[in-house]
Amino acid sequence: MTMKKINIFGTSGSIGQSTLNVLRERKELYDFIAFSAFNNVDQLIADCLEFKPRYANIGNEKHFLKLKDALFDTDIILSYGKKSLLDLACIEVDWSMSAIIGFAGVEVSLRCAEHSNVLALANKETLVCAGSLLLSTCKTNNTKLIPVDSEHSAIFQCLEGERRKDLKSITLTASGGPFRDWSLKKMKSATLKQALKHPNWSMGTRITIDSASMFNKALELIEAMHLFELKFSEVDVIIHPQSIIHSMVNFNDGTTLAQMSLPDMRGPISYSLNYPKRLKIDLESIDFTKINALEFHEPDIEKFPALDIVEKVGKNLDLGVIFNAAKEVALDRFISGEIGFLDMANLVEKTLEESSLITRLMETPQNVPNILELNKLTREFAKKLVF
Ligand code: MG
């Protein structure tokens, strides 16, 4: 049996580490090609020593010497920076995990879409900022795109073996995050520490705050529209505090299929790795006798304006890159203490109304240089926006 060639971009992050946990169970089956991290050089070193990939890339140049020193007596080919990272994504492999967070992961995903048999996509921004480009790249190169967001993996699984035309709509579930039961007034003064207390999922800082504001869910709506070719009116969000149902698919005959598991990203990762098989991993099934109830509520748009603002993007998917860039800047400004929790939504809303950005968007076709340029212009605008 030939070994499966594996790339993991964003190895040191939460998804990257869960990916290694899954792979560790059958390590002998895999040929590890490239690993990458941006700042967490200690984790990258530890993972390189354990898994011995052929290549390793650290994003931030200032950590390169440390990486080199630690791995000097291995055969691992080391590099730093974005250009080398993109070169690694051009190596032909069987399976690539694209798990770099934020806009930084977009170009890597697009390269993987050209050079991997399977692209396991955990980076949301690729679909939001470059959805049509990614899908056409996968099609041209015969690359299988398998989503690794828990919601999209759930929908993907529910749609297996179904006819696309029988699908009526989808319902994305959302835990509601730490502020689910807070008042609007209290949310205005929510601190970084409070936003970081996610009730169900353990994730990185940025995505945890995006979950608290539901900007994460807004991105996921757009992701779903691209992945499953849906209109905005065919995607919906429901609050489901237990995070047991990861999403649902509604068919024309009144049937709804839901995918359930304990909230653990190893499930979607393993599914994307073994598709269409389901191999055993060290993850328990749900014990339904221990779950008292599964609850569902309509989300409160006033408290989570991201779900309202995203409608604009849902009706013109090309706006995704502006929406995402504004959201990333808003997040930076909240983390640095410069703006309040609910100001993040104001900032994104105002940026989406900026006519110079819209004009620019309409004048340019979707390709990598244009996406990069629009991302840059939007960030410049959003950084300067005063409240
Ligand atoms: Mg998700």
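Remember, it's 1-based here, ligands and their atoms both numbered in the order they're listed. Side chains included, hydrogens not; waters and symmetry mates left out as well; all remaining heavy atoms used.
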Scan side-chain atoms only and decide if [X] and [Y] contain a donor-acceptor pair under the 3.5 Å cut-off.
X: Glu328; Y: Asn375; answer: no
X: Asn57; Y: Ser84; answer: no
X: Gln157; Y: Ser153; answer: yes

Query raised in the report: With a cut-off of under 6.0 Å to the ring centre and 45° to the axis, is Lys312 in cation-pi contact with Phe323?
Result: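 Because its charged atom misses either the 6.0 Å distance or the 45° angle limit, Lys312 does not stack over Phe323.
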Query raised in the report: How far apart are the C-alpha atoms of Phe179 and Phe341, what are their side-chain angles, what is the distance that settles it, and do they pass the ring pair (Phe, Tyr, Trp, His ring centres under 6.0 Å) test?
Result: CA-CA 11 Å; Phe179 303 147; Phe341 187 76; 4.9 Å; yes
Query raised in the report: With a cut-off of 2.8 Å, which protein N/O/S atoms are close to the Mg ion (ligand 1), if we only count those under it?
Result: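 Correct list: Asp149 OD1, Glu151 OE1, Glu220 OE2.
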Report task. State which residue, out of Leu352, Leu331, Ile339, fulfils the side-chain contact (heavy atoms from CB on, under 4.5 Å) condition with Leu347. Result ->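 Among the candidates, only Ile339 passes.
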